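Read the structure below first, then the notes.
Owing to the predicted nature of the structure, the values given are computational and were not obtained by experimental measurement. So that the names make sense, note that chain A is the first sequence line, chain B the second, and so on, each numbered from 1.
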There are 2 protein chains.
Amino acid sequence: MKLSQKAEAFVSHFGEMSSRWGFNRTVGQILALLVVRSSSLNADEISQALHISRGNVSMGLKELQSWRLIRLERIPGDRKDYFTTAGSISDMARTVFEERRKREIDPTLSLLRDHLLDTPVNEEEEHAQQQMAELHDLLELLTQWGAHLNNMSAEQLQSLMKLGAGVSKMLELKDKVVGKN
Amino acid sequence: MKLSQKAEAFVSHFGEMSSRWGFNRTVGQILALLVVRSSSLNADEISQALHISRGNVSMGLKELQSWRLIRLERIPGDRKDYFTTAGSISDMARTVFEERRKREIDPTLSLLRDHLLDTPVNEEEEHAQQQMAELHDLLELLTQWGAHLNNMSAEQLQSLMKLGAGVSKMLELKDKVVGKN
DNA sequence: TTAAATTTTCAGAAATTTTTGAAAATTATA
DNA sequence: TATAATTTTCAAAAATTTCTGAAAATTTAA
């Protein structure tokens, strides 16, 4: 299991970026490795390729499974577990979005909703609640957007994208025709 | 500088979430505090309110300034620096998106572009490059999307959102009329 | 100027996260 | 079943990140 120069660089870059993307270095490297290799790999191969301990690989694989980014495969006549990415790059992107929404947005939305039930008792709380309401509405808008985009096919997305700035124009038109909501 | 029960909870939640959002606990708490308070605060007030050292506050404020999320204000007759959030919640959200794109996406896009210039020398590299190309195109699509959305007014966004699933329908219609892209 | 007020820096301490590797648990085969 | 192969767990070590607080630097006012 030797990595080409290029694969090496890709994997290592992913390792560096991974903390910004919500997982730790090893997890990022394992994922990058599986993305870049065409065949599935077992834990020992991963351990060797990345120079990390067997136990660490085991934990990393579990984490990636909890993200639903990789899947286990068995090869007949081989006792080892083999792993590959779960779907195409864009499948994985969708999964990451959904999973990050759950971890990064949902808890905050839920907290905000709770707070918005209370009645503010003074100026200061009035202002606080105002801000929280704004944040709440924004996060909700974003998650709904995300859900819509997630449900669109890659082609539709492309198509919408090509419309580009035209989207705004189209909206104006619609507003003119239908009447500003 | 005493915080209400509610403000306290909000600030503390932000502190917990902040590592998932790309900054450390103190930075998250300082931001939350400034979001929730209606008047600007100086470093000592922040330090007291959050029970963190003066030096830590100084570093946190610098970090938040580098994110362009807060701005400094001077109060006539007072030597201290005072800080408030830079704009509304949605202004800040735009800034965070842009800043995160710079930190989380741009470096990867640039690495991928480099790799895509090379010619693969075997099956394995062929596959690797295929994957990288897919990732590259996806990231580019996403950043373009982000840029568009960022340029739209809050009202336009709302309006587009209200269209909801209708967007796809509209696209189909457009494809029918204009001919598939 | 000078001195007081304020902010910043940064070395070391504390806290947190990641990693290792050996033992325990599980799974597959004979 | 017994045993060999494999995976998982987890305590302790290593690495990294965050935080403190005192000293240095900067800014402001007298």
Side-chain angles (χ1 to χ4, degrees), chain A residues 1 11-34 40-67 70-84 103-104, chain B residues 1 11-34 40-67 70-84 103-104:
Chain A
M1 253 304 299
V11 165
S12 146
H13 174 86
F14 246 65
E16 279 169 45
M17 297 301 286
S18 55
S19 68
R20 306 187 174 192
W21 280 91
F23 21 74
N24 70 34
R25 181 167 60 245
T26 356
V27 171
Q29 290 185 334
I30 295 174
L31 182 59
L33 182 63
L34 295 180
S40 56
L41 300 175
N42 65 46
D44 284 323
E45 290 170 327
I46 295 171
S47 168
Q48 273 185 260
L50 302 179
H51 309 288
I52 57 181
S53 76
R54 188 59 188 66
N56 202 359
V57 170
S58 178
M59 291 188 297
L61 289 170
K62 255 186 101 186
E63 169 91 358
L64 285 169
Q65 282 179 296
S66 90
W67 277 80
I70 63 175
R71 62 189 167 69
L72 194 154
E73 238 172 25
R74 305 291 320 235
I75 293 180
D78 193 328
R79 289 196 188 183
K80 291 195 170 75
D81 292 341
Y82 284 76
F83 295 89
T84 353
R103 296 167 194 226
E104 301 181 3
Chain B
M1 253 303 301
V11 165
S12 145
H13 174 86
F14 246 65
E16 279 169 46
M17 296 301 285
S18 55
S19 68
R20 305 186 176 195
W21 280 91
F23 21 75
N24 70 36
R25 182 168 59 246
T26 355
V27 170
Q29 289 185 333
I30 295 175
L31 183 60
L33 181 62
L34 295 179
S40 55
L41 299 174
N42 66 45
D44 284 323
E45 290 171 327
I46 295 171
S47 169
Q48 272 185 261
L50 302 179
H51 308 288
I52 58 181
S53 75
R54 188 59 188 65
N56 202 359
V57 170
S58 178
M59 291 189 296
L61 289 171
K62 254 186 103 186
E63 169 91 358
L64 285 169
Q65 282 179 295
S66 91
W67 278 81
I70 62 173
R71 62 187 167 71
L72 194 153
E73 237 172 24
R74 304 291 319 232
I75 292 179
D78 193 329
R79 290 195 187 183
K80 291 197 172 74
D81 292 341
Y82 283 77
F83 295 89
T84 354
R103 297 166 194 228
E104 300 181 5

With sugar-phosphate taken as primed atoms, P, OP1 and OP2 and all else as base, the protein-contact string of nucleotides 17-30 of chain C at under 4.0 Å (heavy atoms; B, S, -) is -SBBB------SS-
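The side chain to side chain donor-acceptor pair (under 3.5 Å) contacts involving residues 51-63 of chain A comprise D44(A)-R54(A), E63(A)-W67(A), where partners must be two or more places apart or lie in separate chains.
In this structure, L41(A) and E45(A) approach most closely via the heavy-atom pair CA-OE1, 3.3 Å.
Nucleic acid contact for D81(A): sugar-phosphate only, since backbone atoms but no base atoms lie under 4.0 Å from a heavy atom of the residue.
The CG atom of L64(A) sits 16 Å away from the C1' atom of dT8(D) (whole-angstrom rounding). Straight-line distance from the CD atom of E16(B) to the P atom of dT16(C): 12 Å, rounded to whole Å. Regarding L50(B), its CG atom lies at a distance of 16 Å from the P atom of dT18(D), rounded to whole Å. Regarding E63(B), its CD atom lies at a distance of 12 Å from the C1' atom of dT17(D), rounded to whole Å. For the pair L72(B) CG and dT6(C) P, the interatomic distance rounds to 14 Å; values are reported in whole Å. Here the C1' atom of nucleotide dC19(D) and the CD atom of Q29(B) are 12 Å apart, to the nearest Å. Between N42(A) atom CG and dA5(D) atom P there is a gap of 15 Å when expressed in whole angstrom units.
Here R79(B) pairs with nothing under the salt bridge (charged side-chain N to carboxylate O under 4.0 Å, His left out) rule; sequence neighbours left out. Under the side chain to side chain donor-acceptor pair (under 3.5 Å) criterion, S40(B) pairs with E73(B), sequence neighbours left out. Residues that satisfy the salt bridge (charged side-chain N to carboxylate O under 4.0 Å, His left out) test with E16(A), not counting sequence neighbours, are absent from this structure.
Remark: K62(B) is in phosphate contact with dT9(C), judged by side-chain N or O atoms under 4.0 Å from OP1 or OP2.
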For a quick test of your reading: what N or O donor-acceptor pairs under 3.5 Å do the side chains of residues 21-34 of chain A make, sequence neighbours left out?
from: W21(A); atom 1: NE1; to: E104(B); atom 2: O; distance (Å): 3.1
from: N24(A); atom 1: OD1; to: T26(A); atom 2: N; distance (Å): 3.2
from: N24(A); atom 1: OD1; to: T26(A); atom 2: OG1; distance (Å): 3.3
from: N24(A); atom 1: OD1; to: V27(A); atom 2: N; distance (Å): 3.0

